[in-house]
> 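The structure under discussion is supplied below as structure tokens; questions concerning it will follow.
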Amino acid sequence: MKVVTVVGARPQFIKAATFSKALRKQHTEVLIHTGQHYDRELSDVFFEELDLPEPAHELGVGSSSHAQQTAQILERIEPVLEAEAPDWVVVFGDTNSTLAGALGAIKLDISLAHVEAGLRSFNRSMPEEANRVLTDHCADLLFCPTKTAMTHLAAEGLSDRAHLTGDIMLDSLDQHRAAVEARTGILERCEVEPGAYYLATVHRAANTDDHAALARIMEALGRLELTVIFPMHPRTRLALEASGLKPAPNVTVIEPVGYLDMLALQSHSRAVLTDSGGMQKEAFLLGTPCVTVRDETEWPETLVDGWNVLAGTDVDRIVEAATRSRPTGDRPDVFGDGRSAQRMVDLLQHDSSHRGRLD
Ligand code: UD1
Ligand code: UDP
């Protein structure tokens, strides 16, 4: 079986690394990097750290408006998909690279699978929501991380293509969990002790492009009594520079970090404050309290017993949530068994054989 995988943004490199390992045991993978993320800290570092194979094709689209970026990927991916003629195209998550890869496949009548299908925020103003809904409706196979995702797809009439595989980010975390516990170099470099700092990330358009919202988040971080380590996405750095907002003295802004350092920072922090989807889940899986600076989440399972709290961008709510007592309840195994990638590969193989598309 020949599979084209399409990646372009940070969380996709992490998911693809795990998927690729399972796929390449028995099958041929052709990796396409769209170039949506191109900074070393947002791209190369993950290829090196996670042994992700060199991309066979780099589309080099870079940054632009949503329409331009999506259109450029679509335009550039078409000849590559035509030439490669794979049995499957696999896309991950909900970025512009995901949607463009999906459209590229469906326009050429190539079977399409979506990893992390069925997630919904029900907030139609979020660019990612449009990407996920459209990709799910294009795909032939939908790999759902949770039962909630399966329910969403059922409500949209997509049950016959949907499979509960578990979450590929849990596979990835399980592969690195042991190494992460002992990994304290990044804490030393940031001059913080385990349990005595907060960790923050912000990059959602709703928080970076709205000056008032970003100002409230920054004010809340400044009100916390511990150091806040803030690996800053370039989008947020640009927004801060444009707005003239200055981080408070207790907020240590650093460049984005690699995956293992990020897991270590999350694991040892007093709490994580974030608008990242991936990090809400990682904090939950690592047993670190999370404050989500959004009003809704695609991962409602993480809200159980107060492990994750939706605080929006209200200063008092953020501070109150960050300083709450540590939750004590159990964290149920809602993200699968850490073997989702192999399950996905098996489903691709089974579906192809069933359709008689393979030799
Ligand atoms: C994208 C995804 C988002 C995902 C995030 C992961 C979409 C619509 N959004 O958001 O779902 O959570 O990636 O991190 O696809 N930039 C750089 N260097 C880079 C890449 C970007 O400086 O290597 C700057 C550019 O100014 C760019 C801005 O960041 O305009 C935003 O980048 P973009 O890829 O458009 O969206 P993200 O905010 O990264
Ligand atoms: N991440 C990382 N370094 C950082 C910030 C995030 O390695 O500086 C990892 C994080 O641990 C998670 C993934 O990137 O695995 C989440 O990506 P991001 O927050 O960019 O996107 P989202 O999950 O919100 O789509």
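Counting starts at 1 for both ligands and their atoms, following the listed order. Keep in mind that the numbers below use all heavy atoms, side chains included, and drop hydrogens, waters and symmetry copies. The residues of the chain are indexed from 1 along the displayed sequence.
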> Which residue holds the protein heavy atom closest to atom 38 (O) of ligand 1, what is that atom called, and what is the gap in Å?
Arg235 NH1, 2.8 Å
> Do me a favour and list the nearest non-hydrogen protein atom to atom 6 (C) of ligand 1 with residue, atom name and distance?
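For atom 6 (C) of ligand 1, the nearest protein heavy atom is Pro11 CD, 3.4 Å.
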> Students should find this: residues with any non-hydrogen atom under 4.0 Å from ligand 2. What is the answer?
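Around ligand 2, where the cutoff is 4.0 Å for heavy atoms, the contacting residues are Arg10, Pro11, Ile14, Phe46, Met169, His203, Arg204, Pro231, Pro256, Val257, Gly258, Tyr259, Met262, Gln266, Ser276, Gly277, Gly278, Met279, Glu282.
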> Report yes if some heavy atom in the side chain of Glu298 is under 4.5 Å from a heavy atom in the side chain of Glu116; otherwise report no.
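Glu298 vs Glu116: side chains apart.
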> From atom 4 (C) of ligand 1, work out which of Arg10, His37, His203 has a heavy atom at the shortest distance.
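It is His203 whose heavy atom sits nearest to atom 4 (C) of ligand 1.
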> Can you see which heavy atom on Pro289 is nearest to which on Arg326, and at what distance?
CD-NH1, 3.7 Å
> For Arg124 and Glu129, what are the C-alpha separation, side-chain angles and deciding distance, and is it a salt bridge (Lys or Arg N to Asp or Glu O under 4.0 Å)?
CA-CA 6 Å; Arg124 289 176 63 89; Glu129 186 75 353; over 6 Å; no
> Can you tell me which residue and heavy atom of the protein come closest to atom 18 (N) of ligand 1, and the distance to 0.1 Å?
Asp39 OD2, 2.9 Å
> I want to know if ligand 1 touches Asn131 in the polar sense, i.e. an N/O pair below 3.5 angstrom.
no
> Would you mind running through ligand 1 and noting each atom that sits below 4.0 Å from a heavy atom of His233?
14 (O), 29 (O), 37 (P), 38 (O), 39 (O)
> Does the side chain of Leu310 come within less than 4.5 Å of Asp295's, by heavy atoms?
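Asp295 does not reach Leu310 side chain to side chain.
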> Taking 4.0 Å as the limit for heavy-atom contacts, which would you say applies to Leu238 with ligand 1: side chain only, backbone only, both, or neither?
side chain
> I need the contact type for Ser43 against ligand 1. Using non-hydrogen atoms and a strict under-4.0 Å cut-off, is it side chain, backbone, both or neither?
neither
> Side chain to side chain contact (heavy atoms under 4.5 Å, CB included), that's the test. Do Arg237 and His203 meet it? Break it down for me.
CA-CA 9 Å; Arg237 197 180 278 276; His203 74 278; over 6 Å; no
> Could you work out, with salt bridge (Lys or Arg N to Asp or Glu O under 4.0 Å) as the rule, every residue matching Glu75, not counting sequence neighbours?
none
> Counting only heavy atoms from other residues, nucleotides and ligands, does the tally under 6.0 Å from CD of Glu225 exceed 12?
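Open: at most 12 neighbouring heavy atoms sit under 6.0 Å from CD of Glu225.
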> Which protein heavy atom lies closest to atom 27 (C) of ligand 1, and at what distance to 0.1 Å?
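Nearest protein contact, heavy atoms only, for atom 27 (C) of ligand 1 is Ser63 OG, 3.3 Å.
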> Please determine whether any non-hydrogen atom of Arg237 lies less than 4.0 Å from an atom of ligand 1.
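No, Arg237 has no heavy atom closer than 4.0 Å to ligand 1.
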> Kindly check if the number of other-residue, nucleotide or ligand heavy atoms within 6.0 Å of CG (Asp160) is above 12?
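Yes.
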> Indicate the atoms forming the closest heavy-atom contact of Leu81 with Pro86, along with that distance.
O-CD, 3.6 Å
> Does some non-hydrogen atom of His66 fall short of 4.0 Å from ligand 1?
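Per 4.0 Å heavy-atom rule, His66 contacts ligand 1.
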> Tell me if the aromatic rings of His37 and Phe13 count as close, with their centers under 6.0 Å from one another.
no
> What protein heavy atom lies closest to atom 22 (O) of ligand 1? Include the residue and the distance to one decimal.
Pro234 CB, 3.2 Å
> Between Leu303 and Val309, does a side chain to side chain contact (heavy atoms under 4.5 Å, CB included) hold up when you go through it step by step?
CA-CA 6 Å; Leu303 300 172; Val309 169; 6.0 Å; no
> Throw together a table of side-chain donor-acceptor distances under 3.5 angstrom for residues 93-103, partners on residues two or more places apart or in other chains.
residue: Asp94; atom: OD2; partner: Arg132; partner atom: NE; Å: 3.3
residue: Asp94; atom: OD2; partner: Arg132; partner atom: NH2; Å: 3.0
residue: Thr95; atom: OG1; partner: Gln12; partner atom: NE2; Å: 2.8
residue: Thr95; atom: OG1; partner: Ser97; partner atom: N; Å: 3.1
residue: Thr95; atom: OG1; partner: Thr98; partner atom: N; Å: 3.3
residue: Thr95; atom: OG1; partner: Thr98; partner atom: OG1; Å: 3.3
residue: Asn96; atom: OD1; partner: Asn131; partner atom: ND2; Å: 3.1
residue: Asn96; atom: ND2; partner: His66; partner atom: ND1; Å: 3.1
residue: Asn96; atom: ND2; partner: Gln69; partner atom: OE1; Å: 2.9
residue: Ser97; atom: OG; partner: Thr34; partner atom: OG1; Å: 2.8
residue: Ser97; atom: OG; partner: Gln36; partner atom: OE1; Å: 2.8
residue: Thr98; atom: OG1; partner: Gln12; partner atom: NE2; Å: 2.9
residue: Thr98; atom: OG1; partner: Phe92; partner atom: O; Å: 2.7
residue: Thr98; atom: OG1; partner: Asp94; partner atom: N; Å: 3.4
residue: Thr98; atom: OG1; partner: Thr95; partner atom: N; Å: 2.9
residue: Thr98; atom: OG1; partner: Thr95; partner atom: O; Å: 3.3

> Please assess Thr28 against Val3 for the test side chain to side chain contact (heavy atoms under 4.5 Å, CB included), listing each intermediate value before the final yes or no.
CA-CA 6 Å; Thr28 304; Val3 178; over 6 Å; no
> With sequence neighbours excluded, tell me which residues meet ring-ring contact (aromatic ring centres under 6.0 Å, His included) with His57.
none
> Would you say that more than 12 heavy atoms from the other residues, nucleotides or ligands in this model lie under 6.0 Å from the CD of Glu82, or not?
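Atom CD in Glu82 is crowded, with more than 12 foreign heavy atoms closer than 6.0 Å.
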> Which ligand 1 atoms does Asp94 reach within 4.0 Å, using its non-hydrogen atoms?
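Answer, ordered by atom number: 11 (O).
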> Report yes if some N/O of Ser97 lies less than 3.5 Å from some N/O of ligand 1; otherwise report no.
no
> What protein heavy atom sits nearest atom 1 (C) of ligand 1, and how far off is it?
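Looking only at protein heavy atoms, the one closest to atom 1 (C) of ligand 1 is Gln36 NE2, 3.7 Å.
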> Answer with side chain, backbone, both or neither: which part of Glu128 has a heavy atom less than 4.0 angstrom from an atom of ligand 1?
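Side chain only; the backbone of Glu128 stays clear of ligand 1.
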> Around atom 19 (C) of ligand 1, find the nearest protein heavy atom and jot down its residue, atom name and distance.
Tyr38 CZ, 3.4 Å
> Could you tell me the residue and atom name of the protein heavy atom closest to atom 2 (C) of ligand 1, and the distance to it rounded to 0.1 Å?
Thr95 CG2, 3.9 Å
